[in-house]
There are 2 protein chains.
Amino acid sequence: MRALQARGETERSHINSRELGEASGVADAQVRKDLASIGATGQPGVGYAIPELMEDLRASMGLHRTWKAVLVGAGNIGRALLAYPRFAEEGFDLVAVLDRAPSVVGRKLAGHTVQPMSAVADVIRRTGAELGIVAVPPSEAQIVAEMLVHAGVRGVLNFAPRPLRLSGSVAVVAVDFTETLERLAFETTMKRSLGSRSRDT
Amino acid sequence: MRALQARGETERSHINSRELGEASGVADAQVRKDLASIGATGQPGVGYAIPELMEDLRASMGLHRTWKAVLVGAGNIGRALLAYPRFAEEGFDLVAVLDRAPSVVGRKLAGHTVQPMSAVADVIRRTGAELGIVAVPPSEAQIVAEMLVHAGVRGVLNFAPRPLRLSGSVAVVAVDFTETLERLAFETTMKRSLGSRSRDT
DNA sequence: GATTGTGAAGAGCTTCACAGCT
DNA sequence: AGCTGTGAAGCTCTTCACAATC
């Protein structure tokens, strides 16, 4: 999907598996297998119809609808997320911002009045948000996540560098900047000692 | 490594592969294979010595030393990274900040004077930075990454939602917030339709 | 002529299971 | 008795290659 988006508007209406593979770093047969597995089909001799392919990709990932998310934590990371224009473009709607600190509660950030944590159940019920974003210090991450889940969110995006223990019925995706840098250090070390193979993204 | 860190200070000096596996969600034999592959050895009948194991893990990931990184992009994400205290704790040193916009060049951010892009080669040579962090708009990500690589960095951390095409000898790790949210939407959909299995992080 | 969809082959990764060490 | 290190077996994922299709 990113490879298609990065191409921007080309005249061509179709793209073949080899090009898709080159753009995303996988083999052509892999592209065909994967696309077949999500029900996207191409035209032999022609390739995949780009608009239909995008639609199939989006549908396979549950992006055929809008997802509402509440953000907890109006610190540096929270504010960066609020200013991130692509969420809305991709169908993610930050419907509310909450924070514990009285000094930021009541302030306006990117059109949202920051709410106190005591409002969490209320806000989630009223907005119908299904996703929660945890952008608070690690010491508070677990309790904040539990409050969100208790209030009804089905998925949690965790920016705190601390593993969350939540009910198995809640999806959790974590972004840990330190881990990411460690991974980069690891791969950089590998690239140095061994030769190189091309990698994606 | 995260599993060990999360245990905190226990009296026990050793840990066996079964416990490590349970804490990190993999099979005991897998733990032994992986640890053997990085040269960490345990004591039959006893397990792995925890301090030595931590040391071997850190060494295998290239974390036995400090990594210097330059940050390009003093926008929301860049500023959030600058304020992130854990980088320094884990041995990552943000040695310089660069930006294209004349309005921010020269400003002080977290102790660093923002440099213009024209200084990139100079800054990297002078500081000896080996890692580059790309926190610029997607339209500039590719060219900025190429400038960094040309100036000598060996690894790039990319926050722009755009795949980078770089020489195979450069390590690239990407953090794409939109992709992350999309992944959360996908997993949330899966959790709803299927039952649940426990997942890590 | 170009390209898909897909069985079959191949490669790589995971689990098993047990000899050997403490 | 408890646990590691590791060949071998089992399994899954990837690549090959080609008949079918446009």
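Whole-Å rounding puts the B:Leu53 CG to D:dT4 C1' distance at 13 Å. Taking atom CG of residue B:Asp34 and atom P of nucleotide C:dT14, one finds them 7 Å apart after rounding to whole Å. The nearest whole Å value for the distance from the CG atom in A:Asn16 to the P atom in D:dC22 is 17 Å. Distance A:Leu35 CG to C:dT6 P: 12 Å, rounded to the nearest Å. Summarising the geometry, the separation between NE2 on A:His14 and P on C:dG1 is reported as 21 Å, rounded to the nearest angstrom. Distance B:Asp28 CG to C:dT15 C1': 9 Å, rounded to the nearest Å.
The side chain of A:Ala27 lies closest to D:dT15, out of D:dT21, D:dT15, C:dG5. Of the candidates C:dT3, D:dT4, D:dT14, D:dT14 carries the atom nearest the A:Gln30 side chain, counting heavy atoms from C-beta on.
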- request: Take B:Thr188 and A:Arg154 through the side-chain hydrogen bond (donor to acceptor under 3.5 Å, both in side chains) test and state the conclusion after the steps.
  value: CA-CA 6 Å; B:Thr188 303; A:Arg154 312 291 319 253; over 6 Å; no
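Counting only distance, with no hydrogens or angles, the side chain of A:Asp99 and the backbone of A:Val104 share no donor-acceptor pair below 3.5 Å.
Comparing A:Gly45 and A:Arg32 along DNA chain D, the residue whose closest nucleotide (by nearest heavy atom) sits nearer the 5' end is A:Arg32.
In this structure, A:Ser17 reaches the C:dT4 phosphate: one of its side-chain N or O atoms is under 4.0 Å from OP1 or OP2. Using a 4.0 Å cut-off, some side-chain N or O of A:Tyr48 falls inside it from OP1 or OP2 of C:dG5.
Between A:Glu182 and the choices A:Thr180, A:Leu184, A:Thr178, the side chain to side chain contact (heavy atoms under 4.5 Å, CB included) rule is met once, by A:Thr178.
Note that the CZ atom of B:Arg162 and the CD atom of B:Gln142 stand 9.0 Å from one another [nearest 0.5 Å].
The residue A:Ala29 sits close to a base: some heavy atom pair falls under 4.0 Å.
Residue side chain A:Lys33 reaches the base of D:dT15 through a donor-acceptor N/O pair under 3.5 Å, judged by distance alone.
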